[in-house]
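Just so you know, these numbers come straight off a predicted model, no measurement behind them. We name chains A, B, ... by the order of the sequence lines, and we start the count at 1 in each one.
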2 protein chains.
Amino acid sequence: MREVSETVSANTQKRVTSQDVAREAGVARSTVSYVLNRTPHQTIPDSTRKRVLQAAERLGYTPSSAARTLRRGRSDVVLCILRAWPFGSAAGTLLAELTASFSERGLSLVTHIEGAGMKTPDKVWQEISPAAVLTYHPVPRDTERAMRSAGVQSVVVLFSAENETAGNLIRPDGRIGRMQAEHVIAAGHQRIGYAYPEPPALQDFAGPRLQGVKTVCSEAGLLPPDVCTVPLDAQSASNAIKHWQSLPQPVTAVCAYNDEVAQALIAGARLSRVDIPGELAIIGADDIPTAALATPPLTTIRIDHISEARRIVDTVTATLAGKEPPASWDTAELFTAVIRESA
Amino acid sequence: MREVSETVSANTQKRVTSQDVAREAGVARSTVSYVLNRTPHQTIPDSTRKRVLQAAERLGYTPSSAARTLRRGRSDVVLCILRAWPFGSAAGTLLAELTASFSERGLSLVTHIEGAGMKTPDKVWQEISPAAVLTYHPVPRDTERAMRSAGVQSVVVLFSAENETAGNLIRPDGRIGRMQAEHVIAAGHQRIGYAYPEPPALQDFAGPRLQGVKTVCSEAGLLPPDVCTVPLDAQSASNAIKHWQSLPQPVTAVCAYNDEVAQALIAGARLSRVDIPGELAIIGADDIPTAALATPPLTTIRIDHISEARRIVDTVTATLAGKEPPASWDTAELFTAVIRESA
DNA sequence: CTGTTAGCGCGTTCAC
DNA sequence: GTGAACGCGCTAACAG
């Protein structure tokens, strides 16, 4: 075993303040501030500037974010609040992209994953004073008010299963369902099933995706999709498949909420000796790393997290700057169908 | 489509301060502070207390965390810094547990996922002034110094592939490797392979796990494990399997870094028509949701994230309180072998 | 016992 | 280039 943890008890280091830098450089605190922030319209001779910079360097000066936040009224942090849904590698990828994009704009992203079985929803935003809060679920009116009076400038809800009227779409997941349905219909399927995820926390996401499938079915003049909730075990998936096949007009293609559900379906099909895609086509969503490893390899809809991230960052920075966020984006750049063998 | 985003541009609300509450309640600011913090040795009559509380409620008072942090020198935030490795649902589960446990101790957890391709490693801790920083990778000396002089009291490295001497083990991943090896050796295998992950970011984790396998092999008087790096695609996995089978003393059991790598191996075996577990036994790690869905269902080592979380929180709070962190834990409570069919 | 006054912590920014 | 006030909550010292 090679793991270690390093801890230290007391923090002996006394904080280096701008006062110290000023003293060291032989100038006033304000000068230090001007130099370090490259304040416009404050011309400071290079000699002084250099002295200050060197003093700061020598002393290892780190400005106190608390003091700056106090003064400026908001920090340069963006807080993303996530429910404790079982997220996969997709979330990690997106978050890494967001971090990079925000960072280019001088903002730091941190994420708060809500606690498992917590009584009171905690108020991290109070601790952070973020400039903006991102969520993937609706925020109650008074919570939002509380955030605002705590200094949060921008509250962006990236997702809501409630209402499609207002605002600009951030992630049009309905499009995923559409693409799934379009693919299997183009392949000649006439009766479609939908495999819905079991965890309640996921249903906010599942709703829009399912809705997309429904829309396309209706546009194509087909029956609406037959929806089964499919937990992540082979037996349940097998039962769902039996159900679909026993319908008066049997289902021949299933759109799964995501690739994990699709993998469960594949396992269930094997249990029931149902051939995929021969007897039943299956299409997933997300294109997780193991999707290509399934037997048969999973056809799925891939999400381009890097363009998603860029979009989110644009919206947030626009809002922070007091401008109108950009209009809804072209979803074509966001999702692509990855055709493999399962459908 | 039903997705919406809600944004608001300007923050019109002026901040409610303790001054406002004091005015509203007809008392001094300090009194407000005493009431709200339930300061010991300051007895305040219920009548006054109630007035203050109600005034605060009525005004929707939220103390400025920035001001408090400035005064106290540190916030009640714990920052967990994660590399952008492709983490699975395990990470989400652990983080949710950590959030809940820290919350019981009055601490808020936020996570920073490092950016994808970032030039300068960003210094989120400067923006947050966390009381503690958690990482799963070693922290350079001067980074740690910088953190400390920025007010961070406790830096806990949960993981290091470097050195096993100092400190108390937080997550003894070597034990995972041990358990994998012990399982297959008990099943009669004499020559073991190790499937190493490809992403460089994962190698910090893989090292200790592999080391555990090595140790057990050596203790059992076997040859050391034959190590192959196995990317997540069936063809590469198939090649690795061919390699193992072509060895003078062929490998009959493979310990995989994690369940995803194990799934790749299963896909590769199918490609090469190698029977699992008949011709090759495979054991994974992490017990991800889809592990049971594989064909054959994956034998794996499960990590108990809730006890892991508890342990981490204990260590951090002890360190923050200036006490010695508790001794190394009993790993038996942390890992359990989940025997299915692949090994 | 109840509550007030005063000053600190630290960076920012306006007026000179 | 400087002095000083400000943003806001905490808490020691002190008065009624």
Side-chain angles (χ1 to χ4, degrees), chain A residues 11 13-53 55-56 59-76 126-129 131 149-151 153, chain B residues 11 13-53 55-56 59-76 126-129 149-151:
Chain A
N11 190 352
Q13 336 262 330
K14 65 228 163 287
R15 180 167 249 301
V16 178
T17 74
S18 73
Q19 183 66 271
D20 299 324
V21 178
R23 205 189 339 270
E24 177 87 1
V27 296
R29 271 170 49 228
S30 40
T31 306
V32 173
S33 175
Y34 289 139
V35 169
L36 263 31
N37 298 330
R38 287 189 235 74
T39 309
H41 304 303
Q42 279 288 342
T43 31
I44 290 173
D46 268 5
S47 59
T48 309
R49 166 185 305 283
K50 205 144 287 174
R51 277 218 319 288
V52 171
L53 257 18
L59 267 41
Y61 170 63
T62 308
S64 150
S65 58
R68 189 191 12 222
T69 301
L70 176 57
R71 186 67 243 247
R72 293 224 266 243
R74 62 145 156 151
S75 70
D76 287 331
Q126 292 188 174
E127 294 291 339
I128 308 279
S129 303
S149 60
Q153 294 231 340
Chain B
N11 189 354
Q13 334 264 328
K14 65 232 161 283
R15 177 166 252 299
V16 177
T17 75
S18 72
Q19 184 64 271
D20 299 323
V21 178
R23 208 191 337 272
E24 177 86 1
V27 295
R29 275 174 42 228
S30 43
T31 307
V32 174
S33 177
Y34 288 139
V35 170
L36 263 29
N37 297 330
R38 288 190 235 72
T39 309
H41 304 303
Q42 275 290 339
T43 37
I44 290 173
D46 269 5
S47 58
T48 310
R49 166 186 305 283
K50 205 145 287 174
R51 278 218 318 291
V52 170
L53 258 17
L59 268 40
Y61 170 63
T62 309
S64 149
S65 57
R68 193 195 359 216
T69 300
L70 177 57
R71 186 67 241 254
R72 292 224 266 244
R74 62 143 156 152
S75 71
D76 287 330
Q126 292 189 173
E127 293 291 338
I128 308 279
S129 301
S149 60

**Student:** Should B:Val32 and B:Val35 count as side-chain neighbours, where that means a heavy-atom distance under 4.5 Å?
**Tutor:** no

**Student:** Test of understanding: with side chain to side chain contact (heavy atoms under 4.5 Å, CB included), list the residues that count as partners of B:Ser64, not counting sequence neighbours.
**Tutor:** A:Leu70, B:Arg15, B:Ala66, B:Ala67

**Student:** Please give me the minimum heavy-atom distance between A:Thr17 and A:Tyr61, naming the atom from each residue.
**Tutor:** C-CE1, 3.5 Å

**Student:** Output yes when at least one side-chain N/O atom of A:Asn37 is less than 4.0 Å from OP1 or OP2 of C:dG11, else no.
**Tutor:** no

**Student:** Which is true for A:Thr31 with a 4.0 Å heavy-atom rule: it touches a base, it touches only sugar-phosphate, or it touches nothing?
**Tutor:** base

**Student:** Can you tell me how far C1' of C:dC10 sits from CD of B:Gln126, to the nearest Å?
**Tutor:** 15 Å

**Student:** Nearest whole angstrom, please: distance from the C1' of C:dG9 to the CG of A:Asp20.
**Tutor:** 13 Å

**Student:** Run B:Ser75 and B:Ser129 through side-chain hydrogen bond (donor to acceptor under 3.5 Å, both in side chains) and show every step you take.
**Tutor:** CA-CA 6 Å; B:Ser75 71; B:Ser129 301; over 6 Å; no

**Student:** Starting from P on D:dT11, measure out to CZ on B:Arg68 and report it in whole angstrom.
**Tutor:** 10 Å

**Student:** For a quick test of reading the model, state the closest non-hydrogen atom pair linking B:Arg51 to B:Val27 and the distance between them.
**Tutor:** NH2-CG1, 3.6 Å

**Student:** Taking atom types as they are modelled, is there a donor-acceptor pair under 3.5 Å from the base of C:dG11 to the side chain of A:Arg29?
**Tutor:** yes

**Student:** Using whole Å, what does the distance between atom P of nucleotide C:dC10 and atom CG of A:Leu36 come to?
**Tutor:** 16 Å

**Student:** Could you work out which one of D:dC10, D:dG9, D:dC6 sits closest to the side chain of B:Ser33?
**Tutor:** D:dC10

**Student:** Considering all heavy atoms of both residues, which atom of A:Val16 and which atom of A:Asp20 are nearest to each other, and what is their separation?
**Tutor:** CA-OD2, 3.5 Å

**Student:** B:Gln19 has an atom CD; how far is it from atom C1' of C:dA6, in whole Å?
**Tutor:** 13 Å

**Student:** Taking any heavy-atom pair under 4.0 Å as a contact, classify B:Thr48: base, sugar-phosphate, or nothing.
**Tutor:** sugar-phosphate

**Student:** I need the A:Glu24 CD to A:Ser18 OG distance, nearest 0.5 Å.
**Tutor:** 13.5 Å

**Student:** Tell me if a side-chain donor or acceptor on B:Arg29 pairs with a main-chain N or O of B:Gln19 at a distance below 3.5 Å.
**Tutor:** no

**Student:** Atom CG of A:Leu70 and atom P of D:dG9: how far apart are they, to the nearest Å?
**Tutor:** 9 Å

**Student:** Checking all strands, does B:Val32 fall into the base, sugar-phosphate, or nothing category for heavy-atom contacts under 4.0 angstrom?
**Tutor:** nothing

**Student:** Do A:Ile128 and B:Ile128 make a side-chain contact, defined as non-hydrogen atoms from C-beta onward lying under 4.5 Å apart?
**Tutor:** yes

**Student:** Axis-to-axis angle across the helix from C:dC1-D:dG16 to C:dC16-D:dG1, five pairs an end, to 10 degrees?
**Tutor:** 50°

**Student:** What is the distance, rounded to the nearest whole Å, between atom CZ of B:Arg72 and atom C1' of C:dC10?
**Tutor:** 17 Å

**Student:** Output the rounded distance in Å from CZ (A:Arg71) to C1' (D:dG7).
**Tutor:** 6 Å

**Student:** Provide a list of protein-nucleic acid N or O atom pairs under 3.5 angstrom, restricted to nucleotides 14-16 of chain C.
**Tutor:**
residue	atom	partner	partner atom	Å
C:dC14	N4	A:Tyr34	OH	2.5

